[in-house]
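One structure is given below, encoded as structure tokens.
Here, residue 1 is the first one in the sequence, and each next residue gets the next number. First listed ligand is number 1; within each ligand, the first listed atom is number 1. Bear in mind that the values here come from a model prediction, so they are computed numbers and not experimental data.
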Amino acid sequence: MPRPISARIHLDAVRHNLQLVKRTAASSRVWAVIKANAYGHGIERIYPALAEADGIALLDLDEAVRVRELGWTRPILLLEGIFEPEDVELADRHRLVVTVHCDDQLHMLKAARPRERIDIQLKMNSGMNRLGYRPAEFEGAWERASGIEAIGSIGLMSHFANADDGAIDWQIDEFDAATRDLPGTRSLSNSAAVLWHPRAHRDWVRPGTILYGASPTGCARHIEGFSLRAAMTLESRIIGVQTLDAGETIGYGRTFTADRPMRIGVVACGYADGYPRHAPAGTPVTVDGVRTHIVGRVSMDMLTVDLTPCPAAGIGSSVELWGEHVKVDEVAEPSGTIGYELMCALARRVPVSIDAGVSSEPEARSA
Ligand SMILES: *Cc1c(COP(=O)(O)O)cnc(C)c1O
């Protein structure tokens with residue numbers, strides 16, 4: 001018998017979340033962002049749920065090729081573009097749309113002789129200060145790009161620094177002012193802008209984290225009104241029970257002291273499974289469907305939970321670490337991180353199964 005821990009990926013949840021994006025940004029096309037192996041869910045696993053997406057965006061060339069090999073015929077966008085001249089050949093062979101954020105990339109395209117012209121997304125740094133041309137340089141970059149033989153259509157994109165917590169109008173204004181006279185599709189919105197900034201929706205939106213049901217802010221409360229569904233459930237079982245007297249402590253570092261007699265459940269899940277070691281006492285879990293919380297320090301292979309609210313629970317009881325009942329952000333936030341990181345960090349040793357729901361393969365919809 002393997003350890004009782006496992007993750008389940010719910011394809012209907014991803015389909016539901018994608019539909020919600022499409023209703024929310026009703027006049028935009030959707031790049032489904034599946035970088036980082038679909039935020040830890042697995043590209044091949046998630047793929048059947050993407051049938052209604054207009055394009056797929058990611059940043060690893062290997063992942064892009066995997067998506068083509070799965071049979072995807074619609075656009076694929078490389079969010080960071082190419083990294084070296086040889087990448088142009090792959091982009092050409094697999095019909096990838098490449099982001100262009102600097103002149104080095106333009107030079108690689110200029111030197112290339114692809115069989116067909118390569119469509120690009122020209123990226124503006126409108127204030128994030130990570131990748132892209134400054135607004136003042138943008139039109140010049142567009143001119144240079146449009147003079148390059150290997151380049152086909154030129155879309156215009158930018159990325160927000162704080163769409164999750166505040167005003168982004170200043171970045172939109174920078175973008176609009178610098179692109180006023182340029183043709184091409186516009187793409188600005190990550191998940192947060194999809195949910196909260198309709199002015200940023202434009203021609204294409206680029207949601208990632210909300211497809212998986214996690215909050216762009218890292219705070220579960222902020223997405224309560226949107227009926228997003230968790231794409232991943234991390235579950236395990238109780239493998240041991242301890243009864244403590246008042247004054248006794250639990251686990252490494254003796255960080256938790258029982259203030260009364262307590263029943264404690266030992267769960268087969270630890271930081272080597274991807275559960276955050278920094279999760280403090282009080283972080284929620286459900287045991288046999290009843291909400292309770294962890295106590296004591298998370299160790300490599302186990303963590304401990306208070307069984308007071310569920311006196312009937314014992315060895316073999318089911319535990320949800322995150323999923324439908326405990327939002328991944330409810331674990332992330334007290335641990336000082338965001339749901340994104342926990343999903344991406346699901347450990348390889350955790351067996352993953354697929355809850356396929358009502359199947360409809362991407363091929364079922366014509367391109
Ligand atoms: C990751 C990423 C996204 C998606 O971000 P979410 O916050 O997960 O929606 C969109 N655009 C770019 C350029 C990205 O790198």
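Every atom of ligand 1 is numbered from 1 in the order shown, and the set under 4.0 Å from a heavy atom of Tyr39 is 1 (C), 4 (C), 5 (O), 6 (P), 8 (O).
The aromatic rings of Trp322 and Tyr275 lie parallel to each other, their planes meeting at an angle below 30°, with 60° marking the opposite boundary.
Using a cut-off of 4.0 Å between Lys/Arg side-chain N and Asp/Glu carboxylate O, Glu324 and Arg229 are scored as not salt-bridged. Of the charged side-chain nitrogens involved, none lies within less than 4.0 Å of a carboxylate oxygen, so that Arg186 and Asp203 do not count as a salt-bridged pair. A salt bridge links Arg66 with Glu44: at least one charged nitrogen is closer than 4.0 Å to a carboxylate oxygen. A salt bridge links Asp169 and Arg199; the closest N-O separation between the charged side-chain nitrogens and carboxylate oxygens is under 4.0 Å.
With a 4.0 Å cut-off on non-hydrogen atoms, Thr209 touches ligand 1 through its backbone as well as its side chain.
Among all non-hydrogen protein atoms, the one lying nearest atom 7 (O) of ligand 1 is Tyr340 OH, 2.6 Å. Counting only heavy atoms of the protein, atom 12 (C) of ligand 1 lies nearest to His159 CE1, 3.4 Å. Among all protein heavy atoms, the one lying closest to atom 9 (O) of ligand 1 is Ser191 OG, 2.5 Å. Of the protein's non-hydrogen atoms, Lys35 NZ, 3.0 Å is the one closest to atom 14 (C) of ligand 1. The protein heavy-atom contact nearest to atom 10 (C) of ligand 1 is Arg206 O, 3.3 Å.
Using 4.0 Å as the threshold, Pro207 has a heavy atom nearer than that to some atom of ligand 1. Under a 4.0 Å heavy-atom criterion, Trp31 is not in contact with ligand 1.
Few gaps surround CZ on Phe83; more than 12 heavy atoms of other groups in view lie less than 6.0 Å from it.
Between Val33 and ligand 1, no pair of N/O atoms sits closer than 3.5 Å.
Looking at every heavy atom in both residues, Gly55 comes nearest to Trp204 through N-CZ3, 3.9 Å.
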